[in-house]
Visitor: 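Got a structure for you, questions after.
Just so it is clear, the structure is predicted and the values come from calculations on it, not from any experiment. Just so we're on the same page: letters track the sequence lines, and every chain starts at 1.
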Protein chains: 2
Amino acid sequence: MKSTLENFLEAIPQVNTLEHFQAATEELRDKLGLEHVVYHWVNSVGERFGAGTYSSEWVDRYLEKDYLRMDPVIFGCFQRFTPVNWKQLDWSTKAAKAFLVEAIDFGVGNQGYTIPIRGPHGQFALFTVNNTASDADWEAFIDAYGRDLIIVGHEFNKKALEFEAGDTALPTPSLSPRELMAISYLAKGLSRAQAAQEMGISEHTLRVYIEAARHKLGALNTTHAVARALSTGVIIV
Amino acid sequence: MKSTLENFLEAIPQVNTLEHFQAATEELRDKLGLEHVVYHWVNSVGERFGAGTYSSEWVDRYLEKDYLRMDPVIFGCFQRFTPVNWKQLDWSTKAAKAFLVEAIDFGVGNQGYTIPIRGPHGQFALFTVNNTASDADWEAFIDAYGRDLIIVGHEFNKKALEFEAGDTALPTPSLSPRELMAISYLAKGLSRAQAAQEMGISEHTLRVYIEAARHKLGALNTTHAVARALSTGVIIV
DNA sequence: TAATGCCTCCCTATTTTGGGGGAGGGTGAA
DNA sequence: TTCACCCTCCCCCAAAATAGGGAGGCATTA
């Protein structure tokens with residue numbers, strides 16, 4: 001790789017603390033001459049972790065207003081696989097426009113490139129680079145660094161997963177094949193009776209699987225069990 | 001990028017048919033002097049799609065025996081984020097050993113490197129390179145090409161997503177804020193009564209939201225609605 | 001061998017959802 | 001303004017799911 005990022009990438013494995021992680025985002029920002037570099041994620045139990053160069057005021061404001069729920073970047077990344085150039089998103093709603101204006105007020109650049117990263121167990125992370133630049137300059141930057149940034153995002157995510165593994169090693173519940181089938185059918189919208197028929201067993205038996213799965217998944221009811229099974233990746237719709 | 005793969009990567013956007021996709025796997029195999037290059041995936045409705053250089057006999061055998069359910073490579077990739085070097089996997093069970101022997105019988109090389117790729121809506125794909133080689137040679141190969149292969153896998157996946165999008169262009173339903181809240185609470189395991197209390201409205205009203213969301217999502221029941229909301233990304237966690 | 005986990009079936013009772021109806025007031029866009 | 005969509009509330013009743021409790025057979029494995 002010709003890239004300026006080669007040395008940076010090789011240094012990532014040595015990142016061992018959150019402070020160091022934070023420092024890495026700052027280093028990358030300076031190396032690339034950007035305004036912001038941010039990595040953040042949401043894990044399967046809704047905990048959030050982030051490191052990056054946004055001002056703490058903006059982060060606080062963002063969390064306070066629960067912008068996660070309307071941020072077009074989050075929305076775009078959630079629905080796509082490929083990196084998202086902010087300019088390509090739909091900023092037409094009033095709320096989105098106001099959000100963008102406010103973000104820029106808080107020192108966020110007008111151009112951004114966010115890479116969605118998906119891990120096991122429904123893990124979802126975002127790696128963002130941000131700057132104030134013309135459309136043409138930004139295009140050129142993305143052309144030059146887009147692919148490398150994907151690799152950097154992945155390396156960051158690998159690190160973040162290591163941190164989590166150390167913190168909260170949550171054992172993925174292992175459902176039996178029949179339990180998986182039962183939950184899968186419910187996720188597809190079948191009633192218990194239909195699912196039982198589909199599996200060629202009595203509804204009573206099916207119910208036992210659902211209950212077992214519910215307990216293994218730590219779920220409060222069937223809907224919750226299906227939700228957890230989906231978001232932890234034990235079933236695929 | 002210094003890599004031999006630069007030209008190859010630039011050609012991927014021109015891939016427009018499944019035959020061409022297949023040809024691309026063969027081209028990559030030849031370019032890198034490998035025995036096999038395989039891309040395959042499972043989408044959100046359980047359809048499978050694959051292209052690669054494994055013999056059709058091995059693919060048939062694999063599907064017939066439903067090896068998907070016990071293949072250690074699949075298992076490893078499901079649980080991890082980072083690429084999997086086959087040698088690092090747990091091949092200790094009898095079934096796994098027999099599986100590996102059989103695979104080699106069918107012309108699969110002893111060394112493999114598989115990259116898990118996760119997309120929106122629960123999409124999960126695997127990109128595998130495979131060869132017969134010594135451990136040291138294989139290590140060297142992965143050192144040299146590992147990162148580029150991640151990019152190649154992503155480009156393949158982008159193409160595969162385009163193919164699917166052409167097939168089944170499903171418009172993402174737009175739920176109202178209250179509908180989203182309602183569905184989110186249910187996904188968290190609350191009953192209608194609890195969710196209503198949480199939202200400060202009567203249970204009757206909440207029910208109206210659930211029903212509206214159900215219809216918008218084309219769901220057969222509440223559980224189905226939550227499942228669809230999660231897997232299409234309209235709600236998080 | 002004993003233990004564990006899986007698969008299958010059954011009971012009763014209570015609680016929760018689902019599918020139909022309604023009604024009124026608000027906001028935003030064409 | 002009219003139209004559409006959102007938010008809020010209410011009725012009834014049938015259907016489905018939930019929470020407990022059982023039981024036996026069949027693998028695998030410690």
Side-chain angles (χ1 to χ4, degrees), chain A residues 69-70 90 92-98 171-229 234, chain B residues 69-70 90 92-98 171-229 234:
Chain A
R69 304 249 163 233
M70 58 72 62
D90 176 22
S92 63
T93 72
K94 258 201 316 193
K97 279 184 197 131
T172 306
S174 67
L175 305 194
S176 77
R178 298 299 265 176
E179 287 160 0
L180 286 175
M181 289 175 76
I183 292 284
S184 292
Y185 279 124
L186 296 190
K188 284 174 187 151
L190 303 201
S191 69
R192 297 204 298 209
Q194 290 171 318
Q197 192 178 12
E198 207 65 36
M199 290 171 64
I201 57 178
S202 77
E203 197 198 321
H204 304 284
T205 304
L206 185 114
R207 235 177 53 194
V208 176
Y209 296 142
I210 308 290
E211 296 287 296
R214 272 217 350 256
H215 286 118
K216 284 184 183 174
L217 291 161
L220 299 164
N221 52 44
T222 301
T223 299
H224 194 201
V226 168
R228 290 187 74 102
V234 304
Chain B
R69 305 243 165 239
M70 58 72 63
D90 176 22
S92 63
T93 71
K94 256 198 313 191
K97 279 185 194 128
T172 307
S174 68
L175 304 195
S176 80
R178 298 298 267 177
E179 286 161 1
L180 286 176
M181 288 175 76
I183 292 285
S184 293
Y185 279 125
L186 296 189
K188 284 174 186 153
L190 305 201
S191 70
R192 294 202 299 207
Q194 290 172 316
Q197 193 179 12
E198 207 65 35
M199 291 171 63
I201 56 177
S202 77
E203 196 200 322
H204 304 284
T205 304
L206 185 115
R207 231 178 61 192
V208 176
Y209 297 142
I210 308 290
E211 296 285 295
R214 273 218 346 258
H215 287 116
K216 285 184 182 174
L217 292 161
L220 298 165
N221 52 45
T222 301
T223 299
H224 194 201
V226 168
R228 291 186 75 103
V234 303

Visitor: What integer distance in Å separates B:I210:CD1 from D:dC6:P?
Guide: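 Taking CD1 of B:I210 and P of D:dC6, I get 15 Å after rounding.
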Visitor: Nearest-Å distance, CD (A:E179) to C1' (C:dC7)?
Guide: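 Roughly 10 Å, once rounded to whole Å.
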Visitor: Looking only at heavy atoms, what is the nearest atom pair of B:R214 and B:A225, with distance?
Guide: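 Minimum heavy-atom separation between B:R214 and B:A225: CG-CB, 3.8 Å.
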Visitor: What closest approach, in Å, do B:V226 and B:A187 show between heavy atoms, and which atom pair accounts for it?
Guide: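 Nearest heavy atoms, B:V226 then B:A187: CG1-CB, 3.6 Å.
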Visitor: Has A:E211 got more than 12 heavy atoms of other residues, nucleotides or ligands less than 6.0 Å from its CD?
Guide: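 Atom CD in A:E211 is packed in, count exceeds 12.
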Visitor: For B:N221 and C:dT16, what is the distance between atoms CG and P respectively, to the nearest whole Å?
Guide: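 Interatomic distance, CG of B:N221 to P of C:dT16: 18 Å.
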Visitor: State whether A:Y209 places a side-chain N or O below 4.0 Å from either non-bridging phosphate oxygen (OP1 or OP2) of C:dC6.
Guide: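 Answer is no, no contact under 4.0 Å.
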Visitor: Name the closest nucleotide to the B:E211 side chain, picking from C:dC6, C:dG19, D:dC9.
Guide: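 Of C:dC6, C:dG19, D:dC9, C:dG19 is nearest to the side chain of B:E211.
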Visitor: So do the side chains of B:I201 and B:Y209 get within less than 4.5 Å of each other, counting heavy atoms only?
Guide: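 Side-chain contact under 4.5 Å: yes.
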Visitor: To the nearest angstrom, how far is A:H224 atom NE2 from C:dT16 atom C1'?
Guide: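 It is 17 Å, rounded to the nearest whole Å.
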Visitor: Taking CG from A:L186 and C1' from C:dT17, how many angstroms apart are they, rounded to a whole number?
Guide: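 In whole Å, C:dT17 C1' lies 15 Å from A:L186 CG.
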Visitor: Restricting both atoms to N or O, compile the protein contacts to nucleotides 10-15 of chain C shorter than 3.5 Å, with distance only.
Guide:
from: C:dC11; atom 1: N4; to: A:R207; atom 2: NH2; distance (Å): 2.9

Visitor: Could you check which of C:dC7, D:dC7, C:dT17 has an atom nearest any side-chain atom of B:P177?
Guide: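 Of the options given, the side chain of B:P177 lies nearest D:dC7.
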Visitor: Could you tell me whether the phosphate oxygens of D:dC5, OP1 or OP2, come under 4.0 Å of any side-chain nitrogen or oxygen in B:S176?
Guide: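 For D:dC5, neither OP1 nor OP2 has a side-chain N or O of B:S176 closer than 4.0 Å.
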Visitor: Any idea which heavy atoms bring B:T223 and A:T223 closest together, and the distance?
Guide: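 Shortest heavy-atom contact: OG1-OG1, 2.9 Å.
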Visitor: Which atom pair, heavy atoms only, marks the closest approach of B:A182 to B:I210?
Guide: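 Nearest pair, atom of B:A182 first, then B:I210: CB-CD1, 3.7 Å.
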Visitor: Figure out the CZ/C1' separation between A:R178 and D:dG25, and round it to whole Å.
Guide: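 From A:R178 CZ to D:dG25 C1': 15 Å.
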Visitor: Determine yes or no for a side-chain-to-main-chain donor-acceptor pair under 3.5 angstrom, with B:R178 supplying the side chain and B:M199 the backbone.
Guide: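 Yes; at least one donor-acceptor contact below 3.5 Å.
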Visitor: Round to a whole Å and report the spacing from NE2 of A:H215 to P of D:dA19.
Guide: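 Result: 7 Å.
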Visitor: Can you tell me if B:R192 touches the phosphate of C:dT17, counting only side-chain N or O atoms and a distance under 4.0 Å to OP1 or OP2?
Guide: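 For C:dT17, OP1 or OP2 has a side-chain N or O of B:R192 closer than 4.0 Å.
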Visitor: Can you check the A:L180 CG to C:dC6 C1' distance for me, whole Å?
Guide: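 Between C1' of C:dC6 and CG of A:L180: 13 Å.
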Visitor: Quick one: is A:K216 getting a side-chain N or O under 4.0 Å of the C:dG5 phosphate, OP1 or OP2?
Guide: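 A:K216 to C:dG5 OP1/OP2: no side-chain N or O under 4.0 Å.
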